[in-house]
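Report on the structure given below.
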Amino acid sequence: EDIEEHIIKTIGKIDVQIEGTLKKGSRYILKRILEISIETYTLRRALGGSYIPTPKKLANTKSTINPDNQGLINPETNRPSERCLQSALGAYFAHQDGHTDHLEQIFRAKKYKPYLDIVKLDGIPMPTPICSCIFDKIEKMNPDISISVWGWNEELATPKAVIANKYGQKNHFLWIKNHSKLIYGDTAHKEKKYLCNGCFQSWTSEKTLERHLEWCPGLHENAPQRVAMSVKGVNDFERFKNYGRMINAPCVIIADFEADNKKCDEAYGGSMQKLAEQKANSFCYLVHWIDTGDVWVPFLYRGENATQEFVQRIDQELVKINGVLAIKHERIETEEDKKRFAEAISCWICKGKFDIDTNEIE
DNA sequence: CCAAAGCTCCTTTGAGGCGC
DNA sequence: GCGCCTCAAAGGAGCTTTGG
């Protein structure tokens, strides 16, 4: 169905292009279309594979169930079974039903067979690609569950939510029985952590998680944003106060740095440790004159001591800018202006009334 | 028995609000 | 801008619980 939709869209695009071309040139006539070719490519996505033992550090957390399908042969393909996703979901359903023992034996224990059958995976490719459209389909077929996919980095012993598709990688699915245990190592703080299922951040208490949930935008595509409206009589009135920003700036300097991320490991003060340092390696700036729109040619520097170089260059620019600003212009002041100044009773910037008697000013 | 999670309790750190 | 306050995050000691 995706292919059909794509073809219909493509035909529409071709029509528009043909029409556009015919309108542009004066006497074009379309006689016939000689050829339309469709190129297809095999999409290589992360795939769920056959049995892989749980990595040691992950196994130590005792937070996952890794169903054992070792030696199982799929009668349809005559190759090792690739049904790890089915068994991971089956283990969840069995656990929901109160079964806690030997869930990893779901393929072999007879009493667990029904739970494998609960899992609806019709039309889902095995091994299963990690792809939002496929997992959307699985969730539609199994309306009682929603699935989040996590990746495990054995070297760092850290879990990470999988959001983007991973291409051409063979994966193995297991069921995360206990999220809390999995995220315990997020910090060195030795208390239970509370996971947000929407964005996979961990929180220090139930209270802070609940507060976060009111605002969590989630990580999925088209994640909703919470909008806080002002309350009548409380915060529904705002007044502009930043009068300094109203003063005309004759010119602005627009500058940008690029930096290398230099790894380090040194004491920073207290119990903090500095792990990385941003070291500027280049910068570029230009001077933009507001009134005339003039731009002084962008200056680009790449090399040693970029920050010091920047300060020196800006000092020189300021000298040049002050040179321009030092040119005095004659003030144009009409009789009307003088009259308005004399009669003014409020500040022209903030509109506030003068609290001085204007008659006293001579 | 083991390793990791997690509890109680205490501490430091940094962000941010408030009043002056 | 400063001092003071509150709050949450996070570090950590010393212990128990948990699940294999």
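In what follows, chains carry the letters A, B, and so on, assigned in the order in which the sequence lines appear, proteins first and then strands, with residues in each chain numbered from 1.
Using a 4.0 Å cut-off, some side-chain N or O of A/Lys207 falls inside it from OP1 or OP2 of C/dA8. At C/dA9, none of the side-chain N or O atoms of A/Thr187 fall inside 4.0 Å of OP1 or OP2 (strictly under the cut-off). Checking the phosphate oxygens (OP1, OP2) of B/dA4, a side-chain nitrogen or oxygen of A/Asn60 falls inside 4.0 Å. Phosphate proximity of B/dA5 to A/Ser180: absent, as no side-chain N or O sits under 4.0 Å from OP1 or OP2.
To the nearest angstrom, P of C/dA9 lies 10 Å from CD of A/Gln201. Between the NE2 atom of A/His212 and the P atom of C/dA9 there is a distance of 11 Å, given to the nearest Å. The distance from atom CD of A/Glu206 to atom C1' of B/dC7 is 15 Å, rounded to the nearest whole Å. To the nearest angstrom, C1' of B/dA3 lies 8 Å from NZ of A/Lys56. When rounded to the nearest whole Å, the span between CH2 of A/Trp203 and P of C/dA10 equals 9 Å. To the nearest angstrom, C1' of B/dC9 lies 19 Å from NZ of A/Lys192. Atoms NZ (A/Lys193) and C1' (C/dA8) sit 14 Å apart, rounded to a whole Å. Atom OH of A/Tyr184 is separated from atom C1' of C/dG11 by 11 Å (rounded to the nearest Å).
For the pair A/Asp117 and A/Lys113, the salt-bridge criterion is met [side-chain N within less than 4.0 Å of a carboxylate O]. A salt bridge links A/Glu335 and A/Lys338; the closest N-O separation between the charged side-chain nitrogens and carboxylate oxygens is under 4.0 Å.
Rounded to 10 degrees, the angle separating the terminal helix axes of the helix from B/dC1-C/dG20 to B/dC20-C/dG1, each built from five base pairs, is 40°.
Judged purely by atom type and a 3.5 angstrom limit, A/Lys57 uses its side chain to pair as donor or acceptor with the backbone of A/Glu155.
The environment of A/Glu343 atom CD is dense: over 12 non-hydrogen atoms of other residues, nucleotides or ligands sit within 6.0 angstrom.
Here the two rings, on A/His99 and A/Tyr115, have centers that are under 6.0 Å apart.
Between the side chains of A/Tyr285 and A/Glu317, at least one donor N or O lies within less than 3.5 Å of an accepting N or O. For the residue pair A/Gln201/A/Trp203, the side-chain donor-acceptor check at 3.5 Å is not satisfied.
With sequence neighbours excluded, the residues that form a ring-ring contact (aromatic ring centres under 6.0 Å, His included) with A/Phe283 are A/Phe257, A/Tyr301, A/Phe310.
When the nucleotides C/dG12, B/dA5, C/dA9 are ranked by their closest atom to the side chain of A/Thr61, B/dA5 comes out on top.
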* **Nucleotide-resolved protein contact map, nucleotides 15-20 of chain C, B/S/- at heavy-atom distance under 4.0 Å** => ---BB-
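Counting only heavy atoms from C-beta outward, the side chains of A/Leu209 and A/Cys196 approach each other to under 4.5 Å.
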